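What follows is a single structure, written as structure tokens, with notes after it.
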Amino acid sequence: MNVFITRVIPESGLRLLEAAGLKIKQWTQQRNMTREELIAECQWADALLSAGQRLDRDFLEASAHLKVIALHSVGYDNVAIETATRLKIPVGNTPGVLSGATADTAFLLMMAAARNAFYMNRKIINGEWDFFEPTANLGKELNGCTLGVFGLGKIGTEMAKRCAGAFGMKIIYHNRSRNEEAENLLDAELVSFEELLAQSDVLTVHTALTAETEGKFNRTAFKQMKPGSIFINTARGSIHNEADLMEALESKTIWGAGLDVTNPEPMHPDNRLLFMPNVAVLPHIGSATEGTRNAMARLAAENIIAVSKGEKPPFLVNPEVYKEG
Ligand code: DGY
């Protein structure tokens, strides 16, 4: 099988593909491919390993010969999954392996927002570290606070473990269905969305982007959040409304925010959020550790290798592809 890869990916994935006897071609330019370039490159390919590339309906229809698409991500909101399923193209992702690293990033953002850390660092760079003021630069302490998790799955559970362990935080969560394992492990309590907003001192988002979650954190939601609370999003930027978040921060409806994801990405360097004291923004680096990125590359390769052997990808997001009829 011929495999086209849309970015330079970690060695561990490449080695697995090569060891399985597959032919590889990688896009090495430091920019996203256009849809037309991707369609042209995929003419040669039987399998596509896609990192960060949008795979829309037009691309999929022009590439219906693909036997498998392996994503180098757990999220698959940038793929027209229904079209892939209709065309009988299995799509694989990389669940589980990035939960710890992403939760670390959420925890870092929570701490940075609570202590104005990124803003304070910029003050040093700007030559504004002058005299000691006992009443200035005051942050928030998190000991004994309540953590509200919107989407208590694998990543949310890892974040909750860190917050319970470090600060004895009480854990509440809002999910479509109960997570009994996490309830037993963390004494977590399932609450309504309104209760989550009203009770969380830190509200952290760990859900997939779907039609249901898109824009969920809007003006109405921010207004119901606990005064003095911190909003964290390491999932997808479209889950919060950026203008509404800015308004909530500027009117001090909420205290701070930590974002690893924005809408659009990249965020414009003049964005007001970057200059607010209680806001910490990172450029979507949730899974960016050497170990995690290598593990993701391996899972993506395994999804392709399975199909090359006539098997189902082990991490499949559209199992309907294999249903008869
Ligand atoms: C994921 O795996 O979905 C991360 O957000 C990286 O895109």
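All values below were derived from every heavy atom in this structure, side-chain atoms included, with hydrogens, water molecules and symmetry-related copies excluded. Counting starts at 1 for both ligands and their atoms, following the listed order. Owing to the predicted nature of the structure, the values given are computational and were not obtained by experimental measurement. Along the sequence shown, residues carry numbers from 1.
The distance from ligand 1 to the heavy atoms of G75 drops below 4.0 Å at these ligand atoms: 1 (C), 2 (O), 3 (O).
Counting protein heavy atoms only, atom 4 (C) of ligand 1 is closest to H284 NE2, 3.8 Å.
Checked by distance only, ligand 1 and L98 stay at 3.5 Å or farther apart across all their nitrogen or oxygen atoms. Remark: ligand 1 and V74 share an N or O pair separated by less than 3.5 Å (distance only, no angle test). Residue R236 places at least one N or O, backbone or side chain, under 3.5 Å from an N or O of ligand 1.
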Which donor-acceptor pairs under 3.5 Å do the side chains of residues 185-201 make with protein atoms, sequence neighbours left out?
{"unit_1": "S192", "atom_1": "OG", "unit_2": "E195", "atom_2": "N", "d": "3.1"}
{"unit_1": "S192", "atom_1": "OG", "unit_2": "E195", "atom_2": "OE1", "d": "3.2"}
{"unit_1": "E195", "atom_1": "OE1", "unit_2": "S192", "atom_2": "N", "d": "2.9"}
{"unit_1": "S200", "atom_1": "OG", "unit_2": "L196", "atom_2": "O", "d": "2.6"}
{"unit_1": "D201", "atom_1": "OD1", "unit_2": "K226", "atom_2": "NZ", "d": "3.0"}
{"unit_1": "D201", "atom_1": "OD2", "unit_2": "T146", "atom_2": "N", "d": "2.7"}

Name each donor-acceptor pair under 3.5 Å that joins a side chain in residues 130-145 to protein atoms two or more places apart or in another chain, with its distance.
{"unit_1": "K140", "atom_1": "NZ", "unit_2": "G228", "atom_2": "O", "d": "3.1"}

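If you look at T94 next to ligand 1, there are no close heavy atoms at all, none under 4.0 Å.
Among the candidates I239, N263, V261, the single residue satisfying the side-chain contact (heavy atoms from CB on, under 4.5 Å) test with L209 is I239.
Between R86 and E61 a salt bridge is recorded (basic side-chain N to carboxylate O distance below 4.0 Å).
In the displayed structure, E128 atom CD is contacted under 6.0 Å by more than 12 heavy atoms of other residues, nucleotides or ligands.
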